[in-house]
Amino acid sequence: MAGGGFTIRAIGASEGIRIGRAYRLDAPNAGAAAGDAERAAPERAGEAAGGGAARAAREGARMAEPNAQAAAGRSSEGGAAPHAGARAPSGAGAELARLALARDRSAAQLEELAARAKETLGEDKAAILLGQRGFLSDPAFYPPIEKRVREEGQSAEEAVREAVEHFAARFEAMNNAYMRERAADIRDVGKRLLDALSGGDSGEAGIAGLREEAILVAEDLSPSETVQLDKRLVLAVVTRAGGRTSHTAILSRSLGIPAVVGAGEPLDAVRTGDTLIVDGSAGLCIVRPDEATLREYEARMAAERERLEAERGARFRPAVSADGRRVEIGANIGTVAEAEAAADSGADGIGLYRTEFLFMHANRLPDEEEQYRAYREVVERMGGQPVIIRTLDIGGDKALTYLDLPQEANPFLGYRAIRIGLDREDWLRTQLRAIARASAHGPVKVMFPMISGLGEWRRAKAIFAEELDGLRRANVPHAERIETGIMVEIPSAALQADAFAREVDFFSIGTNDLVQYTLAVDRMNERVAGLYDYFHPAVLRLIRSVIEASHRHGRWTGMCGGMAGDPLAAPLLLGFGLDEWSMDIGSIPKVKSALARLSSASCQELADRAVDLDTPEAVREALQAFFGEIR
Ligand code: PEP
Ligand code: MG
């Protein structure tokens with residue numbers, strides 16, 4: 001590429017194309033960053049003439065300016081408070097005083113950030129910051145740091161560094177994704193304390209200092225940085241580290257910000273102010289592109305924007321195939337805040353409400369009243385559309401810190417979901433009562449996760465019946481009839497679908513787990529991620545047989561695993577006769593748009609052929625060819 005540009009090929013973590021100026025978060029020295037941008041400017045002026053986006057990118061250099069003030073050290077109280085970085089007279093007493101000042105300052109920053117995040121991003125994101133704030137007053141976290149200073153003569157910095165590493169390592173060893181995230185939170189808090197000790201502003205200056213649209217470039221984003229991403233200013237994100245399931249990737253997707261992660265060493269050559277093209281769908285980051293490349297991507301970006309706008313504009317149309325087959329579209333949500341987005345998403349209801357987030361964001365089990373209020377709010381926000389509430393699916397990769405569940409060699413095969421519910425019946429009964437009470441405010445259905453056999457289903461259903469009976473006798477309002485179904489995410493349940501279909505009201509296929517249990521591929525393990533594929537013909541056969549069994553018995557089948565939100569899978573699911581498709585809110589417009597182009601007769605033929613193909617690759621090829629033909 002002319003003009004010294006180059007292309008980085010990495011992991012596309014969140015789709016979409018953006019062109020803009022780079023803004024390095026790991027270069028907090030504002031003077032240097034702005035200087036870099038200015039030095040680079042003349043070269044770019046010649047290289048990227050013309051084109052609105054390119055022009056906007058060229059003007060981006062100004063955004064680094066506000067950092068100067070931040071880098072100079074702002075006190076959250078303002079005025080002339082002594083800052084924690086000022087070296088006090090030596091001795092443990094002075095070190096402890098610096099430490100206390102740094103802690104107070106960090107706590108105030110986190111409270112302020114949480115308040116901002118609550119306004120702009122909702123309560124669940126703010127909870128991440130409040131959780132970090134909690135560490136600072138946690139007796140297991142802060143006193144050991146003081147002890148290192150007082151008894152071991154360490155400097156405040158050494159004590160923070162070592163204590164944080166010690167705690168983070170303990171969380172990391174717990175071997176599940178949620179706990180690993182807590183380790184990132186601890187490191188984040190540690191970094192904040194260290195920055196406060198040195199009189200800095202915790203790198204947030206980087207994000208908070210953003211005044212113009214830019215593409216963020218960073219080693220990785222910390223949890224407290226990710227929750228501050230401002231969609232209006234952050235065009236895209238490129239990180240050196242991270243994979244498809246990293247914090248940055250997940251949050252970028254949920255915010256709809258294109259992202260490329262795992263860019264590695266080549267990203268070191270990017271400076272603040274460089275023009276970048278980020279293609280989050282292809283996993284590309286083009287650095288200092290030449291004129292022809294810029295023009296090509298501007299055209300692609302415009303076409304993509306047009307397509308997305310058209311799809312979004314049509315999101316309230318019913319989901320109907322080209323030959324008139326209507327399917328229900330559900331939204332997957334985890335929080336009350338997401339219900340609001342779901343109501344505006346074009347979904348026909350909530351196909352999966354993952355209640356575990358309500359439990360994970362608390363520091364003790366939420367009681368019946370708290371659960372009832374959350375479920376009722378979701379039901380009310382959906383204004384009469386059905387809400388499928390799944391009972392607690394904890395265990396596996398989702399832990400509750402306050403419960404101290406046992407460590408297991410194979411957590412996904414162990415004490416998880418309905419197994420815990422049937423073991424701790426009191427928890428399940430409390431939740432079922434709360435759900436039943438919410439049904440007085442709008443249509444609710446209940447779904448049990450991780451059912452492996454009829455015994456579990458019958459026991460769960462009997463417990464629900466007893467609780468409903470109790471509510472009835474106590475004159476507590478609830479719906480007369482509440483549909484009850486199971487998640488089909490274990491092959492044994494899929495293989496016994498006929499027997500289940502005689503008793504349940506509905507099935508919801510959880511492909512995220514069904515794939516891992518059918519193919520013996522840990523869904524969290526990146527090393528075997530290449531084997532994890534819902535287009536595997538064995539998985540397709542299970543899906544087809546579940547849908548057919550439900551129809552034989554006059555029941556319906558939904559799908560709430562990730563496959564339902566993949567437009568490429570739409571011809572198969574339509575061909576199999578799937579009744580309800582539930583997905584992340586962001587996927588709804590594109591799946592509806594794909595459906596509108598499909599005819600159920602030809603999809604049925606394709607689906608019949610696909611289950612007889614040998615490999616997932618062959619299925620993918622067949623689907624791509626199919627879409628190629630109907631375009
Ligand atoms: C699934 O397994 O497909 C599913 C939707 O449940 P979760 O991802 O919450 O395990
Ligand atoms: Mg699951």
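In each ligand, atom 1 is the first atom listed, and ligand 1 is the first ligand listed.
- Interface of Gly510 with ligand 1, defined as ligand atoms under 4.0 Å from a residue heavy atom, comprises 1 (C), 2 (O), 3 (O).
- Test His478, Gln371, Glu368 against Arg433 for side-chain hydrogen bond (donor to acceptor under 3.5 Å, both in side chains) and you get one pass: Glu368.
- Among all protein heavy atoms, the one lying closest to atom 7 (P) of ligand 1 is Arg354 NH2, 3.5 Å.
- By heavy-atom distance, the residue among Gln516, Glu489, Met447 lying nearest atom 2 (O) of ligand 1 is Glu489.
- A salt bridge links Arg620 with Asp533: the distance from a Lys NZ or Arg NE/NH1/NH2 to an Asp or Glu carboxylate oxygen falls below 4.0 Å.
- For Tyr517 and Phe412, the distance between ring centers is not under 6.0 angstrom.
- Ion pairing between a basic and an acidic side chain is recognised when a charged N comes within 4.0 Å of a carboxylate O; Arg419 and Asp393 show no such pairing.
- A heavy-atom separation below 4.0 Å is found between Arg523 and ligand 1.
- The protein non-hydrogen atom at the shortest distance from atom 6 (O) of ligand 1 is Arg390 NH1, 3.0 Å.
- A salt bridge links Arg307 with Glu311: the closest approach of a Lys/Arg side-chain nitrogen to an acidic carboxylate oxygen falls below 4.0 angstrom.
- Not a single N or O atom of Glu356, backbone or side chain, sits closer than 3.5 Å to an N or O atom of ligand 1.
- Taking a 4.0 Å cut-off on heavy atoms, Arg416 registers as neighbouring ligand 1.
- Within Glu489, the N, O or S atom lying nearest to the Mg ion (ligand 2) carries the name OE1.
- With a 4.5 Å cut-off on side-chain heavy atoms, Arg555 and Phe506 do not count as touching.
- Ligand-side atoms of ligand 1 in range of Cys560: 5 (C), range being under 4.0 angstrom from any heavy atom.
- Between Asp348 and Arg326, at least one side-chain nitrogen of the basic residue sits less than 4.0 Å from a carboxylate oxygen of the acidic one, meeting the salt-bridge criterion.
- Distances from the Mg ion (ligand 2) to the N/O/S atoms of Asp513 are shortest for OD2.
- Shown in contact with Asp393 at under 4.0 Å from a heavy atom are these atoms of ligand 1, numbered in order with element: 10 (O).
- Those atoms of ligand 1 with a heavy atom of Leu352 less than 4.0 angstrom away are 5 (C).
- In this structure, Glu377 does not pair ionically with Arg373, as no charged nitrogen and carboxylate oxygen lie closer than 4.0 Å.
- Close approach to Met487 involves these atoms of ligand 1, each under 4.0 Å from a residue heavy atom: 4 (C), 5 (C), 6 (O).
- At a threshold of 4.0 Å, the pair Lys590-Asp566 does not count as salt-bridged, since none of the basic side-chain nitrogens sits closer than that to a carboxylate oxygen.
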